[in-house]
Number of protein chains: 2
Amino acid sequence: MALTISELARSGGVGVETVRFYQRRGLIDDPRPSRFGGAKGRRHYGDDEVRRLRFVRGAQRAGFTLDEIARLLELDRVNDRPAARTMARERIEALDRKIAVLQAARASLTRLAKACAGGPDGPCPILESFTDS
Amino acid sequence: MALTISELARSGGVGVETVRFYQRRGLIDDPRPSRFGGAKGRRHYGDDEVRRLRFVRGAQRAGFTLDEIARLLELDRVNDRPAARTMARERIEALDRKIAVLQAARASLTRLAKACAGGPDGPCPILESFTDS
DNA sequence: GTTGACTCCGTATCACGGTACGGAAGCTAT
DNA sequence: ATAGCTTCCGTACCGTGATACGGAGTCAAC
């Protein structure tokens, strides 16, 4: 606990500038609390910030945009389960579509790699790839 | 055959501006052939352009960047099979990693959706999602 | 108690893949 | 042969997610 911004960044595998970017986007807490009439000092970060940063990176891997991630954090704050559930389910559906597209593309590439493996003659129809998918 | 640019665009499910963007990137042929000392007229497009446009869209679905797609088209032009094979195989590996990430994310979301389905009490740990993946 | 790293903050810039705008010129249907 | 879509072309702008820069302030170690 009591991490500096660079330690927090390292803990999330991102750069300092990225942490600051997330702060500006409201994904990590207010860097300018300005409560107590000033508090100009250097900020320190704890478990909550580490958890949030991890969550942001994980949610990005799931394909959420930063705007959506901000909404998810707000849903967590107000404990809005139905909305959270809806967002999760919609993302699952999008992921399923995406995974299917990638698997079809993978199959096309496998076919291409196999075709181009033969000698200098024979087919290697790059341009004809992906015609199905 | 002998399509206008808007017909070509429609055939690929993209906008006219996107076709023009691809032309500038060299993905679809030179819009300014300037051969025959001028030829200022309006261009027409045929099967080759339709195939290229389809290929570009398919390769994008496979996760290739436009720069990579330009290289693939060049490899096709010079019939460089080993390089084509290498690009295909590297992309397959990247796709496998990506698909695994998306499947892990999907599993996390499924767990989240299930957890948040209960009544107003009980866990719905949005922020704890993706902790594994 | 000074030096050197780190931090804060605003603002600028980047990469990627488009998307839009505006003027001139070319078709096409009436 | 004129109105009114398209096209052509250069250039500008957009959204997303960062990443960089520069100057002032702060902290920690020697």
Side-chain angles (χ1 to χ4, degrees), chain A residues 2-36 38-46 49 52-53 55-73 91 94 98 101, chain B residues 2-36 38-46 49 52-53 55-73 91 94 98 101:
Chain A
L3 304 171
T4 65
I5 194 171
S6 59
E7 289 165 337
L8 172 60
R10 208 170 316 125
S11 87
V14 303
V16 169
E17 297 295 338
T18 301
V19 170
R20 287 185 29 68
F21 173 66
Y22 291 165
Q23 289 176 331
R24 275 177 244 136
R25 294 287 300 250
L27 303 173
I28 300 176
D29 74 340
D30 238 349
R32 283 154 294 180
S34 81
R35 64 193 167 214
F36 303 128
K40 293 182 179 296
R42 185 172 292 204
R43 277 191 65 74
H44 281 274
Y45 304 89
E49 284 79 18
R52 277 168 167 265
L53 182 52
F55 173 72
V56 170
R57 302 303 277 181
Q60 277 187 308
R61 270 180 267 126
F64 287 110
T65 66
L66 295 183
D67 276 359
E68 287 169 338
I69 293 168
R71 263 186 277 143
L72 283 170
L73 289 168
R91 189 93 288 272
K98 179 77 176 179
V101 166
Chain B
L3 305 171
T4 65
I5 195 172
S6 58
E7 287 164 339
L8 172 61
R10 209 169 316 126
S11 87
V14 302
V16 168
E17 297 294 336
T18 301
V19 171
R20 288 185 29 69
F21 174 67
Y22 290 165
Q23 288 176 332
R24 274 177 245 137
R25 295 287 300 251
L27 303 173
I28 300 178
D29 74 340
D30 239 348
R32 281 155 295 181
S34 81
R35 64 193 168 214
F36 304 129
K40 293 182 179 299
R42 183 173 295 205
R43 276 190 66 72
H44 281 275
Y45 304 88
E49 283 79 18
R52 277 168 166 265
L53 183 52
F55 173 73
V56 170
R57 301 305 276 182
Q60 278 188 307
R61 269 179 268 128
F64 287 110
T65 66
L66 294 183
D67 276 358
E68 288 168 337
I69 293 168
R71 264 186 276 142
L72 282 170
L73 288 169
R91 188 93 288 272
K98 180 76 176 179
V101 166

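Below, read A as the first sequence line, B as the second, and so on, with proteins coming before strands; counting in each chain starts at 1.
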Measure from the side-chain N and O atoms of B:R52 to the backbone N and O of B:L27, and report whether any donor-acceptor pair falls under 3.5 Å.
yes

Would you say B:R25's side chain and B:L66's backbone share a donor-acceptor pair under 3.5 angstrom?
no

Mind calculating the distance between [atom1] ([X]) and [atom2] ([N]) to the nearest angstrom?
X     : N      : atom1 : atom2 : result
B:R43 : C:dC27 : CZ    : C1'   : 17 Å
A:R25 : D:dG15 : CZ    : P     : 12 Å
B:D67 : C:dG18 : CG    : C1'   : 14 Å
B:R20 : D:dG10 : CZ    : P     : 8 Å
A:L66 : D:dT19 : CG    : C1'   : 14 Å
A:E68 : D:dG17 : CD    : C1'   : 14 Å
A:F21 : C:dC9  : CZ    : P     : 17 Å
B:L3  : C:dC27 : CG    : P     : 17 Å

Would you say A:S6 and A:R10 make side-chain contact, with heavy atoms under 4.5 Å?
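Sidechains of A:R10 and A:S6: in contact.
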
Would you please confirm or rule out a distance under 4.0 Å between OP1 or OP2 of D:dA18 and any side-chain N or O of A:Y22?
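Checking A:Y22 against D:dA18: at least one side-chain N or O falls below 4.0 Å of OP1 or OP2.
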
Look at the side-chain N and O atoms of B:R57 and state whether any lies under 4.0 Å from the OP1 or OP2 oxygen of C:dG18.
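The answer is yes; a side-chain N or O of B:R57 sits under 4.0 Å from OP1 or OP2.
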
Which distance, rounded to the nearest 0.5 Å, do you find between the [atom1] of [X] and the [atom2] of [Y]?
X     : Y     : atom1 : atom2 : result
A:E17 : A:I5  : CD    : CD1   : 8.0 Å
A:E49 : A:Q23 : CD    : CD    : 8.5 Å
B:R91 : B:K98 : CZ    : NZ    : 9.5 Å

Enumerate the residues from residues 9-18 of chain B whose closest heavy atom to DNA chain C is under 4.0 Å, giving them by residue number; use none for an empty result.
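Here the set is B:E17, B:T18.
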
Taking the minimum atom-to-atom distance to the side chain of A:T65, which one of C:dC8, D:dG17, D:dT7 wins?
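Output: D:dG17.
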
Shortest non-hydrogen contact from A:Y45 to A:T4?
CD1-C, 3.9 Å

